[in-house]
Each structure stands twice: as structure tokens, then as C-alpha cells.
Amino acid sequence: MHIFNVGHNILMNEGYTEIKEKLDNSKIEYEIIKPTLSSFSEKLKFNIPAGRENNECLLVLTEKHISRALNSEFEKYKFIQGYEAIWSQEKNIVEAEISSPDSKYGNRFFEKLYEYIIKPDEVDDNEEDEEGINEFNLPSYEGMEISIGYSSNEFAVLLGCRNGGFIRFLSRKITIKIKNTTKKTHDSIKELLEKISNSLFFQIDLSFEISLRLQSQRENFKERNLKIKRRHMLIDREATISEPKYEYDNEPISIYWYAKESKSMPIFQFLAFYQTIEFYFPIYSSLDAKLKIQSLIKDPRFNPNRDTDITKIISTIKTSSSGKSFGNEREQLKATIKACIDKSEMKSFFYIDDNRFKFFSENKGKDISKQKISLKNENADLISEISERIYQIRCRIVHSKASADEMEVLLPYSNAINKLNFDIELIEFISRKVLIASSRPISI
């Protein structure tokens with residue numbers, strides 16, 4: 001291998017051979033990725049299953065990374081879809097990263113948990129491990145040993161490889177480990193992890209006021225790099241900042257800013273953008289009803305002295321009116337989008353990005369919403385399809401139960417969440433347009 005110093009050649013070649021043996025014995029296919037620049041290291045690419053999917057992994061072929069991989073049994077593990085987690089049927093182990101959303105303790109929540117749960121007596125400084133506490137056990141359940149501590153070598157290797165090949169960043173992550181499991185399938189293991197962690201974490205929350213959660217699956221290196229490139233591509237480099245000209249209603253703009261802060265919580269982000277639009281339902285839905293009534297009155301055949309014509313107007317108001325708004329929520333959403341966004345603007349949103357266009361035109365998000373966007377059909381009612389898709393996703397988020405003809409509730413750690421990005425971009429675009437259309441000249 002050409003990337004190593006001469007003094008390390010024998011050692012590195014031996015290590016590389018052992019890595020290949022590990023993968024061969026586990027029937028894991030792999031290939032070498034050669035860098036375009038000689039200053040970069042070669043990488044070993046291989047796939048590890050995650051439920052019904054495969055996650056691409058890269059091991060950087062340097063002495064340090066090969067050594068870490070050799071000192072682990074990473075080849076005996078698989079990923080758990082939706083979480084930063086691994087499991088091994090052969091070793092009967094589940095391990096998942098945990099984090100705390102509280103800023104109260106920051107990264108010190110592990111030490112606080114040890115202090116609260118284990119309640120150690122006075123510690124003899126001479127007997128204390130130089131590195132401090134690395135792990136502590138929790139009460140077992142049906143023969144399964146449960147512990148919280150720093151991540152295993154296997155976890156660091158696999159999660160590091162899935163995130164581009166650099167392992168060192170994951171060595172000190174805090175994980176929950178469940179040993180002696182009897183489950184043999186990905187879905188049953190995932191269910192076990194969720195039930196045990198939810199039960200324990202809720203106790204901890206009630207008793208010690210420390211909120212814990214299983215860390216949701218982060219973007220892999222490919223997704224991350226693609227998103228960065230797309231952001232740069234969508235920047236308007238000719239834009240300039242002018243003096244303040246317009247003001248916006250405080251409630252929807254506050255919800256909009258909350259949505260922008262919620263990038264790590266896609267469900268809440270989508271719902272916040274939806275609520276930004278929802279604020280204007282009474283305005284634009286009544287406008288739509290007004291246009292319907294105007295259309296009836298402008299008809300040359302309309303006769304204000306004829307009971308049947310007056311009944312048509314009354315019927316329109318009755319069937320449309322709901323409190324301060326006109327129409328049901330689905331119709332109000334459509335009316336708001338239709339009033340604030342031109343069809344050509346809407347098309348431009350999809351065509352400006354090839355990946356976005358393919359996602360919607362090829363219906364790659366069908367497990368998020370049954371409503372597809374007919375971008376290749378010039379005669380399609382684009383606004384109707386978009387509003388219906390957004391409404392269906394909104395219902396999957398806020399409804400606790402789904403009817404027989406609807407899709408299941410959209411949960412935070414479900415597989416579909418990983419495909420929600422483009423729909424979030426869509427509803428963000430619409431919320432911006434609604435804010436712009438509803439703005440007024442600034443007055444201070």
C-alpha cells in the first residue's frame with residue numbers, strides 16, 4: 001500500500017490483511033477507495049445492515065484506525081435503523097448512544113447520574129481509577145444486564161466508519177448497553193431498546209430531573225456533504241441587504257424562527273412551519289369564499305330577487321364557514337397557498353435543484369405521504385397536490401390515531417423521518433412566501 005511510511009509498511013500490511021480476514025469470515029463485501037490526492041489515506045468501504053437497509057461505512061486505512069478496528073469485533077454487529085445504535089445477535093448485546101437535551105449539566109450528565117443512582121460512599125482518592133468512572137450498572141430485567149457508560153470499541157468503530165471513517169470522535173460517547181438479550185431480529189431488538197430505555201429514562205426524569213433520550217440517527221458523511229453543497233448552491237450571491245422596508249406579524253414570525261432553530265427535530269420543525277402558514281388561514285380562506293360569492297353575483301343570470309340564487313349564496317357561506325375561517329382545514333391550507341404563491345414560482349422551487357426534483361417527480365417520498373406531486377404533467381393542479389401532501393403529513397404528526405385508510409402516525413424515530421428533508425424544504429418555502437405576501441410597510 002502506497003500511503004504508509006516505509007517503517008510502517010509491514011505492520012500496516014499485516015493489519016490490513018487481518019481486517020480483510022474479519023470481513024471475509026463475516027461475509028461482508030468490501031472495496032478499496034483510492035484518494036484523488038496522494039496526501040490523503042486510502043479507505044476501505046463496506047456495508048453493514050440496518051434493518052431492511054444497508055449503511056455504507058468507510059474505514060480510514062491508517063495505523064491508528066486499523067489498530068482500533070482490530071481491537072474490536074465490529075464485524076459481528078449491525079446497526080439499528082433510526083438511532084445511533086448497534087446490536088449483535090451473536091454476542092446478544094445492544095448498545096445505543098444516549099444524550100440529554102438539558103443544558104443544566106451539559107456533557108456532565110453521566111457523572112451526575114452516577115452520583116444520583118449509585119450513591120457512592122466517600123471515595124478514596126488513592127483507589128479511584130485515573131480515568132474516573134467509565135460505566136455503572138442499572139437494575140437487571142429478566143436476566144438482561146443493563147449499564148450506562150462510555151461507548152465500546154465496537155460502537156466507536158462502526159459509528160465512526162458510518163460517519164466518514166474517523167473513529168476518535170466517538171470514543172467518549174455515553175451509551176446504554178443491554179446484554180444477554182434473546183431477541184433475534186432487527187425490529188424486535190429495536191422494540192426492546194425503546195421499551196427498556198423509555199422505562200428507565202422516565203424514572204430518571206421523575207426522580208432526578210435529568211432528561212435522557214436515545215440519540216437519533218445522524219446524517220452520514222454523504223448526506224452531510226450533499227446538504228452542504230446544496231446550501232452553497234442555493235445561496236443568492238448577488239443579493240444585497242437594503243434598509244428595513246416591511247414588518248411581519250409577531251406570532252407567525254416567532255413560530256418561523258422556532259422552526260429554523262429546530263433542525264435537529266424534523267417533526268417539530270415541519271409542524272412549526274405549518275403553524276406559520278396556519279396563522280393566515282382566516283384571512284385567505286375568507287378571501288377564497290369571497291371570490292366564490294363574487295363569481296355567483298357576477299354571473300349575468302344571477303337574480304337577487306330569485307330565491308334559488310340567494311340560496312346558492314347562503315349555501316356557499318354555510319358549507320364554507322367555520323368560526324372565523326371558511327372551509328375545513330384542508331381547504332383553508334389550499335386557499336392560503338393559492339393566494340400567496342404563483343404557480344410559476346412553485347415550479348421554480350422544484351426545478352432549481354435536481355435532487356429535489358427527482359425526489360418529488362419520482363415519488364421517492366411515498367412512505368411519508370400518499371399524495372405525489374405531478375411535476376411532469378403540465379395539466380396537473382400543482383397547488384392542490386402540494387396542499388394535500390402537506391396536509392397529510394401534518395395529520396400524521398398531530399393525530400394520535402390513524403383511520404383504516406390513512407397512513408400510520410409519523411413518529412420521531414421512524415424510518416420515514418429520514419426522508420422528510422425535502423418536504424421540510426417545501427413547507428419552509430411556502431411559509432416564507434406566505435410571510436412575504438402578508439407583510440406590510442414597516443411602521444415604527
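Quick note: numbers below take in every heavy atom, side chains included, and nothing from hydrogens, waters or symmetry partners.
- Taking CD of Glu142 as the reference point, atom OG1 of Thr182 lies at 8.0 Å (rounded to 0.5 Å).
- A salt bridge is absent between Lys91 and Glu154; no separation between the charged side-chain nitrogens and carboxylate oxygens falls under 4.0 Å.
- Remark: Lys347 NZ is packed, more than 12 non-hydrogen atoms of other residues, nucleotides or ligands lying under 6.0 Å away.
- From Met346, atom CE reaches atom CG of Leu382 across 6.5 Å, with rounding to the nearest 0.5 Å.
- Within a 6.0 Å sphere centred on NZ of Lys260, heavy atoms belonging to other residues, nucleotides or ligands number more than 12.
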### Message
Checking Phe110 against Tyr150 for the ring pair (Phe, Tyr, Trp, His ring centres under 6.0 Å) test, could you report, in this order, the C-alpha distance in whole Å, the side-chain angles of both residues, the deciding distance, and whether it holds?
### Response
CA-CA 9 Å; Phe110 171 60; Tyr150 289 111; 5.2 Å; yes
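- When the shell of 6.0 Å around CZ of Phe136 is examined, it contains more than 12 heavy atoms from other residues, nucleotides or ligands.
- Residue pairs satisfying the salt bridge (charged side-chain N to carboxylate O under 4.0 Å, His left out) criterion with at least one member in residues 179-190, sequence neighbours excluded, are listed as follows: Arg52-Asp187.
- The neighbour count for Ile297 CD1, taken as heavy atoms of other residues, nucleotides or ligands under 6.0 Å away, is above 12.
- By the 30° and 60° cut-offs, the orientation of the rings of Phe360 relative to Phe350 is perpendicular.
- No hydrogens or angles considered: nothing links the side chains of Glu97 and Thr175 as a donor-acceptor pair under 3.5 Å.
- The closest donor-acceptor contact from the side chain of Ser100 to the backbone of Ser211 lies under 3.5 Å.
- Asp205 places no side-chain N or O within donor-acceptor distance of the main-chain N or O of Phe201, the cut-off being under 3.5 Å.
- Between the side chains of Ser374 and Asn377, no donor N or O sits under 3.5 Å from an acceptor N or O.
- Note that OH of Tyr256 is 11.0 Å distant from CD1 of Ile277, once rounded to the nearest 0.5 Å.
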### Query
So Ser369 and Gln392, side-chain hydrogen bond (donor to acceptor under 3.5 Å, both in side chains) or not? Walk me through it.
CA-CA 6 Å; Ser369 168; Gln392 286 183 8; 2.7 Å; yes
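- Salt bridge status for Arg162 with Glu56: absent, with no side-chain N to carboxylate O gap under 4.0 Å.
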### Message
Could you go through Glu73 and Lys22, starting from their C-alpha distance and side-chain angles, then the distance that decides it, and tell me whether this counts as salt bridge (Lys or Arg N to Asp or Glu O under 4.0 Å)?
### Response
CA-CA 8 Å; Glu73 295 180 284; Lys22 277 178 172 283; over 6 Å; no
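- Under the salt bridge (Lys or Arg N to Asp or Glu O under 4.0 Å) criterion, Glu90 pairs with Lys76, sequence neighbours left out.
- A salt bridge is absent between Glu385 and Lys372: the closest approach of a Lys/Arg side-chain nitrogen to an acidic carboxylate oxygen does not fall below 4.0 angstrom.
- Side-chain contact of Arg218 with Asn163: a donor-acceptor pair under 3.5 Å is absent, judged by distance alone.
- In this structure, Glu345 and Phe349 have side chains that are not in contact, with every pair of non-hydrogen atoms separated by 4.5 Å or more.
- Cation-pi check for Arg356 over Phe422 is not met; the charged atom does not lie both under 6.0 angstrom from the ring centroid and within 45 degrees of its normal.
- At most 12 heavy atoms of other shown residues, nucleotides or ligands fall within 6.0 angstrom of atom OH in Tyr246.
- The line from CD1 of Ile386 to CD1 of Ile427 is 11.5 Å long, rounded to the nearest 0.5 Å.
- The CZ atom of Phe74 sits 7.0 Å away from the CD1 atom of Ile48 when rounded to the nearest 0.5 Å.
- At a threshold of 4.5 Å between non-hydrogen side-chain atoms, the residues Leu113 and Phe109 count as touching.
- Listed for the Ser438 side chain is no donor-acceptor partner under 3.5 Å among the backbone atoms of Leu435.
- The number of heavy atoms from other shown groups lying within 6.0 Å of CD (Glu251) does not exceed 12.
- Across Arg330, Arg394, Lys334, a single residue satisfies salt bridge (Lys or Arg N to Asp or Glu O under 4.0 Å) together with Glu388, and that is Arg330.
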### Query
Given Glu115 and Lys112, is the salt bridge (Lys or Arg N to Asp or Glu O under 4.0 Å) satisfied, shown in steps?
CA-CA 5 Å; Glu115 178 185 330; Lys112 278 296 176 185; 3.5 Å; yes
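- Using cut-offs of 30° and 60° on the angle between ring planes, the pair Phe281 and Tyr274 is perpendicular.
- Under the 3.5 Å distance criterion, with hydrogens and angles disregarded, a donor-acceptor pair is assigned to the side chains of Asp24 and Tyr30.
- One finds no salt bridge joining Glu95 and Lys173 here, because no Lys/Arg side-chain nitrogen approaches an Asp/Glu carboxylate oxygen to under 4.0 Å.
- Residue Ile93 holds its CD1 atom at 12.5 Å from CH2 of Trp87, rounded to the nearest 0.5 Å.
- When the shell of 6.0 Å around OH of Tyr141 is examined, it contains 12 or fewer heavy atoms from other residues, nucleotides or ligands.
- Within a 6.0 Å sphere centred on NZ of Lys358, other residues, nucleotides and ligands contribute 12 heavy atoms or fewer.
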